[in-house]
Amino acid sequence: MRSASNPDLPVAIIGAGPVGLAAAAHAVRRGLTPLIFERGPTIATALRSWAHVHVFTPWRYNVDAAARDLLLEQGWQEPVPEGLPTGAEIVRNYLEPLARHPDLAPHLRFNAEVQAIARTGLDKLTTAGRAQAPFQILWRDASGTEHRTEARAVLDASGTWGQPNPLGVDGLMVPGEREARDRIAYGIPDILGRARENYAGRRVLVAGSGHSAINAVLDLLRLQEESFGTSVIWALRRNGLEKVLGGGLDDKLAERGALGLAARRAIEEGRLDVLAPFATERLEPTGEELILTARVAGNTQTLTIDRIIVATGSRPDLSLFRELRAALDPVVEAPLALAPLIDPNLHSCGTVPPHGAAELAHPEPGFYIVGSKSYGRAPTFLMMTGYEQVRSVMAEIAGDHAAARDVQLVLPETGVCSTASREAEAACCAPAAQPVPALVSSSCCGARA
Ligand SMILES: Cc1cc2nc3c(=O)[nH]c(=O)nc-3n(C[C@H](O)[C@H](O)[C@H](O)COP(=O)(O)OP(=O)(O)OC[C@H]3O[C@@H](n4cnc5c(N)ncnc54)[C@H](O)[C@@H]3O)c2cc1C
């Protein structure tokens with residue numbers, strides 16, 4: 001059996017989203033061989049499904065440093081740093097050229113869905129020889145044929161987009177939700193584009209309180225101006241509209257703040273009904289309509305609607321690493337040291353202390369969850385966070401422990417930072433998990449000072 005330290009073995013990266021591709025760029029920079037498994041037929045399959053959305057982070061936050069170096073070698077024209085791209089533009093102007101780079105392209109496998117990861121020749125209970133055993137990646141190609149590939153380390157950058165949360169406040173589908181699936185969209189449909197006919201002139205309920213929900217609500221309000229009869233109900237699970245609408249002008253990301261301000265205006269003008277706290281109890285599809293029964297502010301209400309958009313976030317698929325010794329926080333489903341820094345019960349900072357290989361490590365050496373999946377169920381992930389994660393992790397895998405520890409990250413604040421306790425404040429405002437030399441210069445404490 002080959003050893004995990006065998007330099008001929010590749011570093012497996014699961015997912016060719018922005019973070020998986022950045023990880024591959026850092027691997028190349030470190031002289032490691034990446035092998036990227038992507039279940040879709042092309043890169044950035046998740047991002048393409050929200051291609052119509054304008055992101056709220058400008059280009060300077062969306063491009064990884066190692067990826068930029070590779071691209072500039074190829075004569076790439078860097079986008080204007082302050083420009084705000086759509087998802088489609090990120091794919092076209094950044095990720096596609098990156099994936100075509102001759103150092104990356106030969107290492108990409110499409111229609112390659114990873115099913116499971118294990119240690120070659122060892123079950124989960126066996127400790128002896130574990131760190132030396134290569135990883136075993138079980139993956140399926142487009143024809144359904146299974147393959148096995150060995151790797152010296154694994155980065156799971158497979159995101160959470162494919163596992164949307166259902167409508168039920170308890171995390172389960174409500175009765176009738178499955179039957180009504182043809183009238184429910186999970187995520188953020190292209191309301192003003194491809195999905196227009198589905199919403200024009202209809203009564204639409206949007207469930208959720210994040211930026212995806214606000215985006216959907218605002219698109220529906222735009223559609224309302226052009227298509228008579230379109231009406232919008234915004235259902236929030238919790239009270240606290242102020243927090244949902246965000247920091248507005250105080251938000252360091254102008255576009256993110258603008259979303260909240262536009263939603264606030266629509267409420268004040270009476271164009272948008274907001275129901276909170278809202279808990280759907282059941283759905284009954286009847287003919288063309290949907291009868292929705294919910295508890296609204298403690299009372300039972302019945303609403304007749306046509307369509308539902310469920311934008312209540314997503315959750316990680318934990319089944320991939322069932323055979324590995326992964327340690328996840330039971331609440332957030334993020335790596336143990338990272339979870340307290342991002343747990344929305346503790347604080348609402350848009351920023352997170354810098355973290356890297358040390359905070360992302362598991363009892364299984366050489367295995368890391370990175371990118372949006374590393375945040376588990378927490379909703380505040382930004383690409384930039386993932387880029388610093390993979391820079392640090394690749395440095396660690398390459399044996400440059402000093403560079404792996406030297407994590408640096410400065411994220412924009414939401415302007416509505418709050419913490420639940422002194423402990424949370426400490427976690428929010430300083431790198432609680434691991435002393436690191438470089439601190440965030442814009443922390444949540446700064447936001448409130
Ligand atoms: C609507 C929306 C707007 C956002 N706006 C911003 C923003 O303005 N700024 C910002 O910084 N962040 C933003 N984010 C958050 C985040 O940066 C993005 O979700 C980003 O795409 C996460 O990158 P990722 O590489 O971690 O995961 P993803 O982009 O989700 O990529 C994961 C990849 O893994 C593949 N995959 C999944 N399972 C498997 C498997 N089993 N085997 C092989 N491949 C697999 C998927 O097909 C996908 O291509 C936004 C997110 C959403 C949903």
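In each ligand, atom 1 is the first atom listed, and ligand 1 is the first ligand listed.
- Of all atoms in ligand 1, listed by their number and element, those nearer than 4.0 Å to a heavy atom of S372 are 22 (C), 24 (P), 26 (O), 27 (O).
- In this structure, a donor-acceptor pair under 3.5 Å is present between the side chains of N165 and R315.
- Among V19, I14, D317, the single residue meeting the side-chain contact (heavy atoms from CB on, under 4.5 Å) criterion with S158 is I14.
- A cation-pi arrangement is present between R119 and F135 under the rule of less than 6.0 angstrom and at most 45 degrees off the ring axis.
- Of all protein heavy atoms, the one closest to atom 25 (O) of ligand 1 is V19 N, 3.0 Å.
- Between V114 and ligand 1, at least one pair of N/O atoms sits closer than 3.5 Å.
- Close N/O approach between E113 and ligand 1 is not found [any backbone or side-chain N/O within under 3.5 Å].
- The shortest side-chain heavy-atom distance between Q389 and S374 falls under the 4.5 Å cut-off.
- Classified by interplanar angle (parallel below 30°, tilted 30° to 60°, perpendicular above 60°), the ring pair F56/H211 is tilted.
- A heavy-atom separation below 4.0 Å is not found between G162 and ligand 1.
- Counted by atom type alone, T42 and R48 present one or more donor-acceptor pairs between their side chains at under 3.5 Å.
- Residue W161 approaches ligand 1 through these ligand atoms, each under 4.0 Å from one of its heavy atoms: 53 (C).
- Taking a 4.0 Å cut-off on heavy atoms, G386 fails to register as neighbouring ligand 1.
- Ligand 1 has a nitrogen or oxygen under 3.5 angstrom from a nitrogen or oxygen of T57.
- Of all the heavy atoms of S212, the ones lying under 4.0 Å from any atom of ligand 1 belong exclusively to the side chain.
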Check your understanding: Taking it one step at a time, do D219 and Y199 satisfy side-chain contact (heavy atoms from CB on, under 4.5 Å)?
Key -> CA-CA 10 Å; D219 280 357; Y199 298 102; over 6 Å; no
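- Using a 4.0 Å cut-off between heavy atoms, I14 contacts ligand 1 through its side chain alone, with no backbone atom that close.
- Contacts with ligand 1 closer than 4.0 Å are made by heavy atoms of both the backbone and the side chain of F381.
- S227 places no side-chain N or O within donor-acceptor distance of the main-chain N or O of Q224, the cut-off being under 3.5 Å.
- Atoms of ligand 1 found under 4.0 Å from any heavy atom of M383, numbered from 1 in the order shown, are 9 (N), 10 (C), 11 (O), 12 (N), 17 (O).
- Taking distance alone, with nitrogen or oxygen atoms compared against 3.5 Å, G40 stays at or beyond that limit from ligand 1.
- V310 is not listed as a side-chain neighbour of P164, based on a closest heavy-atom distance of 4.5 Å or more.
- Closest to atom 19 (O) of ligand 1, if we only count protein heavy atoms, is W50 CZ2, 4.1 Å.
- The shortest contact between atom 31 (O) of ligand 1 and any protein heavy atom is with G17 CA, 3.5 Å.
- An N or O contact shorter than 3.5 Å is missing between V55 and ligand 1 by distance.
- The nearest heavy-atom contact from the protein to atom 44 (N) of ligand 1 is R39 N, 3.1 Å.
- Assignment of A112 to the shell around ligand 1 is supported, since a heavy atom sits closer than 4.0 Å.
- Considering only non-hydrogen protein atoms, atom 48 (C) of ligand 1 sits nearest to E38 OE1, 3.5 Å.
- Shortest contact from atom 39 (C) of ligand 1 to any protein heavy atom: S158 CB, 3.8 Å.
- Between R391 and E388 a salt bridge is recorded (basic side-chain N to carboxylate O distance below 4.0 Å).
- Set against the non-hydrogen atoms of G159, the atoms of ligand 1 under 4.0 Å away are 27 (O), 30 (O), 32 (C).
- Side-chain contact check for K373 versus Q163: every heavy-atom pair is 4.5 Å or farther apart.
- Taking only nitrogen or oxygen atoms, main chain and side chain alike, I188 does not reach within less than 3.5 Å of ligand 1.
- Salt-bridge formation is not detected for the pair R29/E73: no Lys NZ or Arg NE/NH1/NH2 atom is positioned less than 4.0 Å from an Asp or Glu carboxylate oxygen.
- Atoms of ligand 1 found under 4.0 Å from any heavy atom of G371 (numbered from 1 in listed order, with element): 26 (O).
- Using a 30° and 60° split on the angle between ring planes, Y375 and H355 fall in the tilted class, from 30° to 60°.
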